[in-house]
Amino acid sequence: MKQAQRDVCRRYGAGFDALDLSCKLGISAGALRGEQPLNGLRHPPENGTNGWYIWGGEELTADPEFFMPLHAHHLQKLCVSVLPYLAPPD
């Protein structure tokens, strides 16, 4: 996985900061269902989170229940396609 992350960072001219799989992120049910497109937004990490918010589909809503907390290591089974894109530094 780290090599795939390095390749993505190199392709986009971004620095590399390996994803800490023990941190939490926010993910939508749509992303877990495989809705496309898959989107990501990163805020500064804080309080055990890595700052990433991932959602599937065209729309992002302000519903406070839209994102569920998830430890990043669960992405290895639930949403593996996003992992290569989660290594740029904050």
Side-chain angles (χ1 to χ4, degrees):
M1 175 184 58
K2 284 187 183 179
Q3 187 57 49
Q5 291 175 335
R6 281 187 179 93
D7 292 345
V8 167
C9 289
R10 190 175 306 114
R11 185 176 344 144
Y12 293 102
F16 174 76
D17 184 14
L19 178 66
D20 179 354
L21 295 176
S22 68
C23 285
K24 291 181 185 176
L25 53 84
I27 193 162
S28 75
L32 295 174
R33 286 191 301 267
E35 290 180 15
Q36 297 292 317
L38 198 54
N39 305 282
L41 172 67
R42 191 166 192 195
H43 291 281
E46 64 175 301
N47 301 324
T49 71
N50 58 26
W52 280 106
Y53 290 86
I54 310 297
W55 71 98
E58 298 285 333
E59 295 189 32
L60 173 63
T61 120
D63 180 350
E65 308 266 329
F66 186 72
F67 290 107
M68 301 173 281
L70 183 76
H71 281 99
H73 68 88
H74 293 295
L75 293 173
Q76 296 173 90
K77 290 186 179 182
L78 298 175
C79 194
V80 70
S81 62
V82 75
L83 285 170
Y85 299 93
L86 302 183
D90 44 313

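Any value given below was found using the heavy atoms of this structure, including those in side chains, with hydrogens, waters and symmetry copies removed.
Residues satisfying the side chain to side chain contact (heavy atoms under 4.5 Å, CB included) test with Pro37, not counting sequence neighbours, are Asn39, Glu58. Glu35 pairs by the side-chain hydrogen bond (donor to acceptor under 3.5 Å, both in side chains) definition with Arg33, not counting sequence neighbours. The side chain to side chain contact (heavy atoms under 4.5 Å, CB included) test applied to Asp63 returns Thr61, Glu65, Phe66, not counting sequence neighbours. For the ring-ring contact (aromatic ring centres under 6.0 Å, His included) test, residues two or more places apart in sequence or in another chain that qualify with Phe67 are Tyr53. Under the rule for a ring-ring contact (aromatic ring centres under 6.0 Å, His included), the partners of His71 that lie at least two apart in sequence or sit in another chain are His73.
At a cut-off of 3.5 Å, with distance as the only test, a side-chain donor of Ser22 or Asp20 sits close to an acceptor on the other residue.
Hydrophobic clustering (ILVMFWY, side-chain heavy atoms < 4.5 Å, transitive): Leu78 and Trp55 are in distinct clusters. Note on Leu70: it clusters hydrophobically with Met68, by side-chain heavy-atom contacts below 4.5 Å among ILVMFWY residues. Side-chain heavy atoms closer than 4.5 Å link hydrophobic residues (I, L, V, M, F, W, Y) into clusters, and following such links, even through other members, never connects Leu25 to Tyr85. Residues Leu32 and Val82 fall within the same hydrophobic cluster, defined by Ile, Leu, Val, Met, Phe, Trp and Tyr side chains chained together at heavy-atom separations under 4.5 Å.
Interatomic distance, Ile27 CD1 to Cys79 SG, rounded to the nearest 0.5 Å: 4.5 Å. Rounded to the nearest 0.5 Å, atoms CZ (Arg42) and CG (Leu86) are 8.0 Å apart.
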Please determine whether side chain to side chain contact (heavy atoms under 4.5 Å, CB included) holds for the pair Gln76 and Leu21, giving the CA-CA distance in whole Å, both sets of side-chain angles, and the decisive distance to 0.1 Å.
CA-CA 9 Å; Gln76 296 173 90; Leu21 295 176; 3.7 Å; yes
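Residue Leu38 comes nearest to Gln36 through the heavy atom pair N-OE1, 3.7 Å, listed as atom of the first residue, atom of the second, then distance. Of all non-hydrogen atoms in Gly40 and Ile54, the two that sit nearest each other are CA-CD1, 4.0 Å.
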Using residues 3-12 as the side-chain source, report each donor-acceptor pair under 3.5 Å to any protein atom, sequence neighbours left out, with the distance given to one decimal.
from, atom 1, to, atom 2, distance (Å)
Gln3, NE2, Asp7, OD1, 2.9
Gln5, NE2, Leu83, O, 3.0
Asp7, OD1, Arg10, NH1, 3.1

